[in-house]
Protein chains: 2
Amino acid sequence: MATLYFRLNPHLYLRDPQQTELGQKIISASVRLIDTLGFEQFTFKKLAEEIDSTEASVYRYFENKHRLLQYLVGWYWTWLEYRIDLSTSNLPTPHEKLKACIKVVASEKKFDDTFEFMDEVALHRIVVSELDKTYLTKQVDSDNKDGLFGGFKLLCKKISAWVSEINPTYAYPHTLVSTILLTAKHQIFFAEHLPSLTDLDKTTSRHHQLEKFLETLLLKTIG
Amino acid sequence: MATLYFRLNPHLYLRDPQQTELGQKIISASVRLIDTLGFEQFTFKKLAEEIDSTEASVYRYFENKHRLLQYLVGWYWTWLEYRIDLSTSNLPTPHEKLKACIKVVASEKKFDDTFEFMDEVALHRIVVSELDKTYLTKQVDSDNKDGLFGGFKLLCKKISAWVSEINPTYAYPHTLVSTILLTAKHQIFFAEHLPSLTDLDKTTSRHHQLEKFLETLLLKTIG
DNA sequence: TCTGATATGATAGTAATGCTATCTTAACTG
DNA sequence: CAGTTAAGATAGCATTACTATCATATCAGA
């Protein structure tokens, strides 16, 4: 059985956490902690206590907690792209690819044990709440130069290409696709916490509603 | 000449900053500082130094810097709604109202001296970069109970009503409108910092492009 | 004009945060 | 067996995010 390993941009870490036991413990525990505490309340001290290690040891893997968040989100985009590839590879038309793609983007992941150190369900909740914080900073330009947002950009590019295949005259494929990728997260957050900003409801059917919404938005817009 | 005064939710502050000289200095200086430093690097200590006051005095106006940000964003939504009201009030059809509304939402504010204590251009930059941080927190539910997001919700409701007037069968008017309001900010940020996620460019024509993009998105989707 | 109430300033203090540094031990590698 | 590397242990430090107290200035009502 082949093991899956995501090669992420080395600027995201100081020492590759996927390679060592401590590294994997850092990942699992940080996902658990950020999910429960929120990113603001999450500290390397609490993380170190959780895994019976020390702050100093954690700092050997990640420059700071912001980089760790960028790592997790980077991992998420890679994982999402991988799932999109799986579900679209055997489809013949860009139209079908887009529909399958939306389905994956809007879907609720139940459980996945491909990666033992990663709780994908908690990670998804983290992405919903914390994604925007990875780039909404004063260092965004230097982070971008280091390629820290490569996962997001790559995925956006891939999907935009399908959009352009369907309608080569449409002027805003990247804008449309990044809007859809972000909206998929934001609307889940609104459904959970600010229901008057959305029409999706709190039950699990919201993922189906989200899919319908995004599909209509995408297909009608490119017409 | 009537002076404009925005009545904001009192939970946003401890003492109304619009009423006193120190309060107005806090607002002006915080807008200037958050704009240059970014919200993360902004502290009440730096703010107090900037206005030759003390940390303690600032804390008498706002519980903490997060509340201050929520106040500024709340002020922004009220101001935006006011400008939307102005530009739509004399239009006969919801279709025209929506188009005028999109124009305001996508527009670049050059200068406005209605409020001497508020640099609206800097505030708009702050909203672009920091808006999402006002609600992407663990306290979102209690903040929402206190009505801290009332400005955003009210505006969303108003615009959604026009959408439903045009197409009463469309199932996701709030989802669509909140998406558009957020997208207007995010895409400006992308144009500035992450250009591969957008097709808008860095020049001022980007506001016109944004308007076109949002208008198509909205009208074709409910179309 | 006196009397409070209130706003602000001045100053101090404290726990937590976000690191950095150094030293030791344990493990694994050639 | 020697040498490198990872991790743990411990210390320290500047900044942050407050809270508390006391003094002073101001202004409004009696």
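Letters go in sequence order (proteins before strands), and every chain restarts at 1.
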If you compare all heavy atoms of [X] against all heavy atoms of [Y], which two are closest, and at what distance to 0.1 Å?
| X | Y | answer |
| --- | --- | --- |
| A/Met118 | A/Ile27 | CE-CG2, 3.6 Å |
| B/Lys138 | A/Leu37 | CG-O, 3.3 Å |
| A/Val105 | A/Ala184 | CG1-CB, 3.6 Å |

Donor-acceptor list for residues 55-62 of chain A side chains, cut-off 3.5 Å, not counting sequence neighbours:
| residue | atom | partner | partner atom | Å |
| --- | --- | --- | --- | --- |
| A/Ser57 | OG | A/Thr54 | OG1 | 3.0 |
| A/Tyr61 | OH | A/Thr20 | OG1 | 2.5 |

Problem set entry | Aromatic ring proximity, centroids under 6.0 angstrom, A/Phe6 and A/Trp79 |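 So the answer is no for these two rings.
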In whole Å, what is the span from the [atom1] atom of [X] to the [atom2] atom of [N]?
| X | N | atom1 | atom2 | answer |
| --- | --- | --- | --- | --- |
| B/Lys25 | C/dA7 | NZ | C1' | 13 Å |
| A/Gln19 | D/dT5 | CD | P | 16 Å |
| B/Arg15 | C/dG9 | CZ | C1' | 13 Å |
| A/Leu47 | D/dA7 | CG | P | 14 Å |
| A/His66 | C/dT17 | NE2 | C1' | 16 Å |
| A/Ile51 | D/dG8 | CD1 | C1' | 12 Å |
| A/Leu37 | C/dT17 | CG | C1' | 14 Å |

Problem set entry | Under 4.0 Å protein heavy-atom contacts per nucleotide of nucleotides 15-29 of chain D, with B for base, S for backbone only and - for none | -SBBBBB--------
For this session: State which of C/dT8, C/dG9, D/dT10 makes the closest approach to the side chain of B/Tyr61.
Result: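 Of the candidates, C/dT8 comes closest.
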Which pairs of donor and acceptor atoms, one on a side chain in residues 150-158 of chain A, lie under 3.5 Å apart (sequence neighbours left out)?
| residue | atom | partner | partner atom | Å |
| --- | --- | --- | --- | --- |
| A/Lys153 | NZ | A/Asn144 | OD1 | 2.7 |
| A/Lys158 | NZ | A/Glu81 | OE2 | 2.9 |
| A/Lys158 | NZ | A/Asp85 | OD1 | 2.6 |
| A/Lys158 | NZ | A/Asp85 | OD2 | 3.1 |

Exercise. Quick one: is D/dG8 close enough that its OP1 or OP2 comes under 4.0 Å of any side-chain N or O from A/Ser57?
Worked result: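 It does, given that an N or O in the side chain of A/Ser57 lies less than 4.0 Å from OP1 or OP2 of D/dG8.
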